[in-house]
Amino acid sequence: MTAKMTMAQAINSALRDAMTADESVVVFGEDVGPLGGVFRVTEGLTRDFGEDRCFDTPLAESGIVGMAAGMAMNGMRPVVEMQFDAFAYPAFEQIVSHVAKFGNRTRGTLRLPMVIRIPYAGGIGGVEHHCDSSEAYYAHTAGLTVVAPADNTDAYALLRAAIEWPDPVVYLEPKRHYFSNEEVDLAAADSTIGRAAVVRKGRDATLIAYGPSVPVALAAAEEAATEGRDLGVVDLRSIVPFDDDTVCEQVKHTGRAVVVAEAPGFASVASEIAARVTERCFHYLEAPVRRVTGFDIPYPAPKLEHFHLPDTARILDAVDELQWEEQP
Amino acid sequence: MTAKMTMAQAINSALRDAMTADESVVVFGEDVGPLGGVFRVTEGLTRDFGEDRCFDTPLAESGIVGMAAGMAMNGMRPVVEMQFDAFAYPAFEQIVSHVAKFGNRTRGTLRLPMVIRIPYAGGIGGVEHHCDSSEAYYAHTAGLTVVAPADNTDAYALLRAAIEWPDPVVYLEPKRHYFSNEEVDLAAADSTIGRAAVVRKGRDATLIAYGPSVPVALAAAEEAATEGRDLGVVDLRSIVPFDDDTVCEQVKHTGRAVVVAEAPGFASVASEIAARVTERCFHYLEAPVRRVTGFDIPYPAPKLEHFHLPDTARILDAVDELQWEEQP
Amino acid sequence: MSVDELGAAVATVRILDEAGDLVDGADRPDSDALLAGYRQLVHGRRLNEQAGALVRQGRLAVYPSSRGQEACQVACVTALSEGDWLFPTYRDAVAIATRGVDPVEVLSMLKGDWHCGYDPAQHRVAPQATPLATQLLHAVGVAHAARLKGEDTVVMALCGDGATSEGDFHEACNFAAVFASPVVFFVQNNKYAISVPLARQSVAPSLASKAVGYGMPGVRVDGNDLGALSTVLGEAVEQARRGGGPTLVEADTYRVEAHTNADDATRYRTTDEVDEWAGRDPLTRVSAYLRGVGALDDDIEAEFAADADRMAARVREGLGVDVAPDPDELFAHVYATPTQQLVQQRAALQGEFDVEEA
Amino acid sequence: MSVDELGAAVATVRILDEAGDLVDGADRPDSDALLAGYRQLVHGRRLNEQAGALVRQGRLAVYPSSRGQEACQVACVTALSEGDWLFPTYRDAVAIATRGVDPVEVLSMLKGDWHCGYDPAQHRVAPQATPLATQLLHAVGVAHAARLKGEDTVVMALCGDGATSEGDFHEACNFAAVFASPVVFFVQNNKYAISVPLARQSVAPSLASKAVGYGMPGVRVDGNDLGALSTVLGEAVEQARRGGGPTLVEADTYRVEAHTNADDATRYRTTDEVDEWAGRDPLTRVSAYLRGVGALDDDIEAEFAADADRMAARVREGLGVDVAPDPDELFAHVYATPTQQLVQQRAALQGEFDVEEA
Ligand SMILES: Cc1ncc(C[n+]2csc(CCOP(=O)(O)OP(=O)(O)O)c2C)c(N)n1
Ligand SMILES: Cc1ncc(C[n+]2csc(CCOP(=O)(O)OP(=O)(O)O)c2C)c(N)n1
Ligand SMILES: [Mg+2]
Ligand SMILES: [Mg+2]
């Protein structure tokens, strides 16, 4: 049951299939209706499911998320779109003070099954505010589930899973892959939230990545192979909950690890991965876990972004520094 | 030139002295005027400096921060108060998309010298939303300077420094210490932003803490001393910029380290400290850097908070686990 | 037309004046309904007093009193049907109790046991909201979902004068108006946001006039006049139920006590001002009117008081019981199923107890 | 008074109709001023066209055109004095150029060289704001600081119809009203927020009517009528300067092109609608009027066009120059003094280049 589709189409399929399967699933946000979203992710949903199931709202992100929370309280499963990463910030209070905490506040009597879709990260030459890697804000917030697909199959599978999840999910869409065409096998998709995938087995070192950094890590591993180094790649898929078992198994196996993420490194998800892997695998490590991340700077202007983004060269440099010679 | 004062009074003194020294310093927020703030930090400022220098605004945090940004653009040095940690979230977009990035956006032609004061963290038996440890959100945001005093002298010194700083500063006030009385030496205060303090020298392990966790770390070190273990304590003072040199020097010296912080640990400042200390001191470490943090949960109700907060026992347990025996 | 004229065009609805006399042109209120309301006012006042006493005794950490606002608290609830929803703030304990939630459960949040002491789904009463104005959006969401599901639910969304300055107030009003959601926004304008007076919150001629900019009806009503409130809120609820969309109702009232017991109101307002408003007490005028029409006498008054005393005694008793704090509560509800990490953190905490016990 | 009546009370100010004829009762505009304005309209139109061409040639990544809104773009700037401030959005390149900023600098952001291509302090023009409505608060802050410093600066703050739905719009209007800040909020109601039509943004009778709820004057003006705009905005600016506080001005206009070149407007609106508005072009009516009163002829028209052509040529030339991207720019401006960490990160990046070069 494979088909060739872009990531935007895979997400669109997931929305369609979820809306078909469950009447309480509703999609809303800015420009998601007749236009089909600025990335065409919601293409045709209003036409096919009607105004009540997929609709545009006034232009206000706190409003969108707050209204979604209320709809979830009243038995619906809203899937809302924030148009770009930085435009989710107006909704930050709603997300952190309510969406994340509501189930806890009510001791589980009112959970909020809802999905906040955020096209995130860079690599598209976008103007300022269109390329933030904002996952750390959400991952640090207890009560949120945070997932980020790296390929089109996972884009489908994880969104289906997120919509069925009993708790609110921040679903991060690596926007630079929206239009990448891939063979997708919807039936074979692993829709387990909380499970990382070993997307490449390796003996020498483990690259740990998620979202848009996974393809970069894979490319680095390819390149390393030509130089005789065997690198494994773990795709987290789910940042929260975090799959310690899968990640640590690989790291223990290889004794060396590099974390790859686009976001600025300071107090980031990459920091967490480095810290927790070290805590759990310390005596297996031949070298400190290295982080290859964005610099600690605001996302740069389009002509400068290539300096900022982790690339294969930078990953391979980090791998080279994993103290392959005996240390003093 | 020492005097006995509470932390609230030390902060008040810093505001007064800054307002006296520099006409462009203005203080505003919710209830900071005639009431003097809900913690009395701005007590008497409106009376002594007039309505134009210290005033109440309409109840809107994005408004407060956004207006402050504008005033800073036009030559003033606003110091604004967010009433409690969680009530800064409505201002998140202003803080992240503008305050943090404005100097960068304008290539330094318009920097925003302003201070956002946030009473933060727990330990006061407050109702929900009054005890968040929100520092990770700010520390992860490039362009912000983030400081957190741990004692009354630093509360004064760091606020004076923050107000004179050319860039926006998030100044985190450990609210549970507002009413702690201490001898304060305003003249001797170190007002260097970006410099950590070794508040206790130790031979066996280093406790790394900031803000409200510093006194807890010091108490743990005291207790450890009675059991024959010599623990040092580093008070970061400034989370961003981070003082790698001071922290790493101590850790290299002791070979063991525990990070103490109240915030949930996942993707936090504590993660960053653990990760960067490990990167820089790997071959000096006898054991993985341990983190003693809040659990990955929303801040609990008052009757439950003592379970959540790092205490001396939990710190000493972590120290005990630093593999003092030879490892296999 | 000038803005002043536009704003002034929103007049204040009144039925009874301070002395309990019918104002010119007002319809005579239904005595039975008013008497039932009066009973609830007495209850509400008693709950405010009892909670205040519990704070002084150290049984409650804090209490934001609605003394002086009891008519608002009662009327916004009696306007609702069973299937409707109430979205209260921290100051609306009396409204929640009027809705039928056990006051002990309501107050347990302020005792510190848990973030919300009652089951919101059971009573269709949202948890008391602390982050100002945020709950108004949830109210719109609940209402919009009801509309999509074809239910005739109405949502009563409460906030204060201060909260109208928040961005979420704006977004909620606008969403409700655009989607014609069945919501009544009920602003208790008690003239203060902690210490900040109304004049620093808004220079509009009235808060109700904000409705103009959303394209919804705005009504200003005497917030100490139970009959007027019941009429205005009742009409707004029925209009919403009929599909007529939201209404913004502003109650002109006053916070007679300090913001909470932790606040010192003498720092920012005069006792003269407070006294003046105490003279416009929402209970007095109803009892005066009811006595005037012969619907209330000392016996009934005594019965209401005895009733309220029993309620207060139950509250004292209920809050006197100490619930042993259960550390499981920290981890149990964060997610529907605790993550592996939370299970481990819970085990570590349990380990600490085991050590202590050993 | 019903809300409809309140809203309708805010009428639309007009001076010239679509044909360029003076509307009944309007004062005759000053021909010299109008001619000067016309010159700027021609320039503005040319800049919109040139930028569009540069996008098609791949020299600019994206351009949000203000075609059809040029009268708004020009009038909001000519109303200002030198010391005043302008707070524009991404769509206001023409306004910024009218203010005197080199269009090459304005467009360099869209070329991708840097986040803001001009020096905001030099021109008193804030960087073009992308996060909607956020800049309105900065405008209030600049204005409030000016007032505190005793300067008579006025701030012109621009936003679109969509942006009025954001919480920051509300907070900015309210702050300005409460502090009587010298700000003019100028909403270019061009009927769309990307694909979302005005009806989904607001059901108020007008956006100007939102002023009522803040206690400030609200004026609706024909946004394709340069003379009317100049009068209304000029008065609002002078009122602010005199200490009379803020005004909310809504311009009734239309976004004739798609949101940006990346947008496909046929998905959400009819060409009939676009054609109808194209018939209300802001340039045509001014030229018709000026020709009617003999203030404009083919020679002047040709002179203006030649002028505009020269400007366009300069823009083509300026944007044709490729600035070599300098990695130092990543780190240089994040803080006044780069942190130790940024110095190290910069060095690491430099190390990569050194390796590449070796
Ligand atoms: C977003 C947010 N900011 C600040 C606060 C702190 N705070 C709690 S109550 C209050 C005043 C609210 O005034 P109003 O809305 O008039 O309600 P009232 O207390 O008078 O009932 C403030 C500032 C808060 N709870 N939430
Ligand atoms: C906070 C925020 N949310 C979303 C966006 C994405 N966005 C950019 S322009 C736009 C439409 C704005 O419409 P309007 O305010 O009417 O201005 P116009 O583009 O019509 O000039 C949207 C949704 C944004 N820039 N900022
Ligand atoms: Mg109030
Ligand atoms: Mg528009």
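The structure displayed is predicted, hence computed values, not measured ones. Within every chain, numbering begins at 1; the chains are lettered A, B, ... in the order of the sequence lines, protein sequences first and strands thereafter.
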> Roughly how far, to the nearest 0.5 Å, is OH of B:Y138 from OH of A:Y137?
Replying inline: 10.0 Å
> How many angstroms lie between atom CG of B:D296 and atom OG1 of A:T141, to the nearest 0.5 angstrom?
Replying inline: 10.5 Å
>> Closer than 3.5 angstrom, by distance alone: can the side chain of A:H140 be matched with the main-chain N or O of B:F266 as a donor-acceptor pair?
In response: yes
Proximity breakdown for [X] and chain A, heavy-atom pairs closer than 4.5 Å:
X: B:S134; value: neither
X: B:V289; value: backbone
X: B:I273; value: neither
X: B:F295; value: neither

Heavy-atom pairs under 4.5 Å with chain A, option from [options] with the top count:
options: B:G143, B:C281, B:A287; answer: B:A287
options: B:P298, B:A274, B:A301, B:A88; answer: B:P298
options: B:D132, B:V277, B:V259, B:I239; answer: B:I239

So which residue, [options], ends up with the most heavy-atom pairs under 4.5 Å with chain B?
options: A:H129, A:E272, A:E61; answer: A:E272
options: A:E135, A:R290, A:R276; answer: A:R276
options: A:P288, A:A142, A:G265; answer: A:P288
options: A:A270, A:A263, A:A136, A:P90; answer: A:P90

> Does B:F282 CZ have over 12 foreign heavy atoms under 6.0 Å away?
Replying inline: yes
>> Heavy atom to heavy atom, less than 4.5 Å: which residues from residues 91-102 of chain B reach chain A?
In response: B:F92, B:E93, B:V96, B:S97, B:K101
> Do you know the tightest heavy-atom contact between B:R105 and A:E128?
Replying inline: NE-OE1, 2.7 Å
> Which atom names give the shortest non-hydrogen contact between B:A275 and A:S271, and what distance separates them?
Replying inline: CB-O, 3.7 Å
> By a 4.5 Å heavy-atom criterion (distance strictly below it), what part of A:R280 contacts chain B: side chain, backbone, both, or neither?
Replying inline: neither
